[in-house]
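Step one of this worksheet: look at the structure below.
Model, not experiment: these values are computed from the prediction.
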Amino acid sequence: MSTAGTRPATESASGERKGPVLEVLRELLEERRDGEVLSLFKQLVARNGELERRLSQVLSRTRKNEGVSEAQLKLLLDVLSNESDDEPGTDPTLDEANEKLREASGIDKPAETDRNAARKRQPPLRRPPPSHLPRIDNPISVPATERPCPKCGAERACIGHDITEVIELVPAQVVVRVDRREKLACQSCEGELVRAPLGDKVVAAGKLGSTLVAALVVDKYDDGLPLHRQKQRFERMGLVLPVSTLADQVAWATDLLRPLWRLAVLQVLAAKVMHLDATGLPVLDRDAAGGKRLGALWGYVGDETVAAYLYASTGKKTGQKPGELGPEDMLANRQGFTVADASNLFEQSFKRPGLIECGCNMHGRRYFTKALDAGDARAALPLAAYKKLYEIEAKLRERTIDERCAVRQEESKPVWDELCAWCETYKPHEPPSSKLGEAIRYFTNNEEALGRFLEDGVIPIDNGIVERLHVRAALTRKNYLFAGSDTGGERAAIAYTILGSCRLVGVNPLAYLTDVLPRLARRRVRLRDMAALMPARWRPERAASAADTAGDVAAAG
C-alpha cells in the first residue's frame with residue numbers, strides 16, 4: 001500500500017485493495033466496509049510502531065548511556081499491547097504477566113510534578129561569581145581627553161565607581177622557591193648550631209617542590225594528561241624538564257604513597273559493604289604478540305569512603321606472579337556483604353560461608369537494554385520496572401539505613417516480585433539464544449543476589465560506585481595508552497587508589513597530595529597514625545586545624 005500520489009485504488013483478483021492509503025480508505029468509507037477500515041487502521045498503527053521502534057533502535061546505537069526515556073518505554077509498551085491484540089492465539093499467562101508488571105512499574109501513572117513546574121519557566125538570572133574566589137582590584141580611569149568638563153573646561157572630580165565583577169584566569173606560573181633556612185648560634189658560648197628544617201619536597205635531594213610533583217600525579221592519573229604533554233606545558237612556562245625526570249618524580253611519589261595504598265586495601269576488606277569490579281590496563285611486553293598484553297586493574301570500594309586498586313598481570317582470578325592478588329585471593333580474606341557482577345571468577349569464592357553475594361542490577365538491566373536494542377519490544381516491560389526501582393532509590397540517598405529498608409519493603413518489593421514473576425513466566429517460552437532469553441536467564445539465575453538489596457538498607461542496588469571510578473581510569477588510560485611494565489601498572493594502581501579515595505569523599509587531590517607527600521617523605525609518620533592521612537580522615541582534621549589556626553590568629557589580633 002503506497003502513501004504517495006493520488007492514483008485511484010484498484011482491486012486485485014484476490015480482492016485485495018491496492019493504491020495510495022488515502023484513496024483506499026476513502027473508497028472503503030464510501031462503501032461502508034467498516035471491518036476493512038479497522039483492519040487498515042491496525043496495519044497503519046503497527047507499521048508506525050515498527051518505524052518508531054527502528055528509530056529508537058538507531059538512536060540507541062548513538063546514546064552514551066543505558067537509559068531509556070519514559071516516553072520511549074510507553075511507546076514500546078503500546079506497540080507491544082497492539083501486537084498482542086492482533087494475535088489472539090497468544091498464551092494468556094504471558095498477557096497476564098505483562099499486565100501485572102506494567103501496572104507494578106507505574107509507567108502509566110501521571111508523573112508527580114510540583115505546582116510551580118507547570119508554570120512557564122523564567123529564564124535563569126545570571127549568577128554572581130562565587131564568593132570564595134579572591135577579588136583583585138582593577139581600577140579603570142576615564143581617558144585624559146574626557147576628564148575636562150565640556151561646558152566649563154574644569155577638571156571633573158571622581159564621585160564614585162561603577163563595579164562590575166568579571167571572572168578571569170591567572171595563568172599558571174613556574175617559580176623558584178628560595179628556601180632560606182635560618183641558623184641560630186649562641187652568642188654567650190660555643191654551643192651547637194641549630195638550623196630550620198628543610199622545605200617541603202618529595203625527594204630530599206630533589207629540585208622539584210611538592211606541589212609540582214603532586215600536580216604531575218593528578219594531571220596524569222586524574223585529568224589524563226600524559227607526561228610528554230605535561231613536558232610541553234612546562235616548556236611554555238619557561239621550564240625545560242625531560243620526560244624521564246617527570247617519570248622519576250611520579251615513581252617516587254607513588255612509592256611514598258605505598259603505605260596508604262596498603263592501608264586502603266585493609267580498609268576495604270574490613271568494610272561492611274565491599275564493591276569489586278575490574279578494568280583492563282595494556283602493558284608493554286616484548287615477549288607478547290604485538291609487544292603488549294592486557295593486564296587488569298581490580299577496583300574495590302569499601303563503605304563508599306575508601307577505594308583500592310590492585311594491579312594484576314592477567315585477568316585471571318588468582319595472582320600469577322609473586323605478590324599479585326587476584327579477586328579470589330582478596331575474597332579469601334573477606335567476610336560480609338560483597339557487591340559484584342555474576343562472573344565465574346567469583347563463583348567459588350561466594351560458596352564460602354560468611355561471604356554474602358550482592359548482585360549488581362546495572363548488569364541485570366543491561367541485558368534487557370541489549371534485548372531492546374536488538375528490536376524486542378517485550379524488554380520494555382522489565383526496563384519500566386527497573387526505572388521504577390531506580391526512581392525509588394533516588395529518593396533514598398539521604399535516608400537512614402532503617403528508613404531505606406522500610407521504603408524498599410513497602411515500595412520496591414512489590415515491583416521486584418512482579419519482575420521476578422514475569423521472568424519466570426517468560427522463561428519457558430523464550431529460547432536461550434535470543435537476547436531476551438539471555439536477559440531472563442541472567443536475572444533468574446542470579447535472582448537471590450540481585451534482590452538482596454531489599455533485605456538490608458546498607459546494601460546498594462548495584463555496583464555503580466566502582467564502575468564510575470573505572471570511568472576515570474578508562475579516560476586517563478586512553479590518553480597515556482599503556483603502562484611501561486608491571487611495576488608501572490602497580491604504581492598506576494597506587495595512584496588510582498589515592499585519587500579514587502579523594503573523589504569518593506570530595507577531597508581536592510592536589511591539596512591532599514601537596515600536604516601528605518612531604519609528610520611521608522620526612523618518614524615521621526608512625527604506622528598507628530597512618531589512618532589519619534587517609535582522605536576520609538584528612539579532610540575533617542585539616543578543616544579543624546585550619547579553624548584552630550584562624551582562632552589563634554584572631555585571638556592574637
Side-chain angles (χ1 to χ4, degrees), residues 65-68 268-269 271-280 296-310 315 317 326-328 330-331 334 336-351 355-373 379 382-394 396-397 404-405 408 412-413 415-416 419-420 423 435 438-474 500 504:
N65 55 46
E66 301 170 9
V68 183
V268 297
L269 285 173
K272 188 168 185 179
V273 178
M274 186 184 83
H275 302 250
L276 76 151
D277 193 36
T279 185
L297 280 172
W298 284 97
Y300 302 84
V301 173
D303 291 338
E304 301 188 2
T305 58
V306 60
Y309 274 91
L310 275 75
K317 61 183 180 180
E328 189 173 276
M330 279 285 285
L331 292 175
R334 167 72 183 164
F337 299 128
T338 305
V339 187
D341 64 326
S343 170
N344 56 8
L345 297 178
F346 318 136
E347 188 174 348
Q348 286 299 119
S349 298
F350 283 123
K351 291 180 180 179
L355 188 65
I356 305 172
E357 181 182 9
C358 305
C360 174
N361 279 287
M362 285 177 62
H363 282 80
R365 182 181 61 183
R366 189 170 297 153
Y367 281 93
F368 289 110
T369 303
K370 291 179 180 178
L372 185 67
D373 290 345
L383 286 175
Y386 264 121
K387 191 174 189 64
K388 179 65 175 179
L389 291 172
Y390 273 91
E391 286 175 356
I392 297 171
E393 288 298 308
L396 303 179
R397 287 173 186 160
R404 280 201 294 268
C405 188
R408 285 172 175 175
S412 300
K413 193 173 187 306
V415 182
W416 181 263
L419 177 58
C420 295
C423 289
K435 290 293 184 181
E438 185 181 357
I440 290 173
R441 275 154 184 79
Y442 178 91
F443 184 90
T444 54
N445 291 345
N446 301 283
E447 181 180 321
E448 182 179 0
L450 290 171
R452 192 150 276 139
F453 74 101
L454 299 169
E455 302 172 5
D456 195 320
V458 78
I459 303 174
I461 191 173
D462 57 36
N463 207 20
I465 191 168
V466 69
E467 292 195 14
R468 285 188 289 273
L469 286 183
H470 283 342
V471 170
R472 184 59 48 182
L504 287 176

Please examine the side chains of Leu469 and Val301, heavy atoms only from C-beta on, and report whether any two atoms are closer than 4.5 Å.
yes

Check side chain to side chain contact (heavy atoms under 4.5 Å, CB included) between [X] and all other residues, then give those that pass, not counting sequence neighbours.
X: Leu345; value: Trp298, Lys317, Ser343
X: Asn445; value: Lys427, Arg441
X: Ala342; value: Tyr442, Asn446

What is the distance from atom [atom1] of [X] to atom [atom2] of [Y], rounded to the nearest 0.5 Å?
X: Phe368; Y: Ile440; atom1: CZ; atom2: CD1; answer: 6.0 Å
X: Leu504; Y: Arg468; atom1: CG; atom2: CZ; answer: 9.5 Å
X: Met274; Y: Ile356; atom1: CE; atom2: CD1; answer: 12.5 Å

List the atom pairs, with distances to 0.1 Å, where a side-chain N or O of residues 460-467 and a protein N or O form a donor-acceptor pair under 3.5 Å, not counting sequence neighbours.
unit_1 : atom_1 : unit_2 : atom_2 : d
Asp462 : OD1    : Gly464 : N      : 3.0
Asp462 : OD2    : Tyr390 : OH     : 2.7
Asn463 : OD1    : His275 : ND1    : 2.9
Asn463 : ND2    : Leu276 : O      : 2.9
Glu467 : OE1    : Arg366 : NH2    : 3.4

Can you name the salt bridge (Lys or Arg N to Asp or Glu O under 4.0 Å) partners of [X], sequence neighbours left out?
X: Arg408; value: Glu393
X: Glu347; value: none
X: Glu357; value: none
X: Lys413; value: Asp417

At their closest point, which heavy atom of [X] faces which heavy atom of [Y], and how far apart are they?
X: Gly500; Y: Ala307; answer: C-CB, 4.0 Å
X: Ala271; Y: Gly302; answer: CB-CA, 3.6 Å
X: Ala379; Y: Ala371; answer: CB-CB, 3.9 Å
X: Val415; Y: Ala385; answer: CG1-O, 3.7 Å
X: Leu389; Y: Ser412; answer: CD2-O, 3.6 Å

[X]: side-chain hydrogen bond (donor to acceptor under 3.5 Å, both in side chains) partners, not counting sequence neighbours:
X: Ser349; value: none
X: Tyr300; value: none
X: Thr338; value: Arg334

Just by distance, do the side chain of Asp341 and the backbone of Cys360 share a donor-acceptor pair under 3.5 Å?
no

Can you tell me if Lys435 has over 12 outside heavy atoms packed within less than 6.0 Å of its NZ?
no

Taking only residues at least two apart or on different chains, which pairs with a member in residues 444-471 satisfy ring-ring contact (aromatic ring centres under 6.0 Å, His included)?
Tyr309-His470, Trp416-Phe453

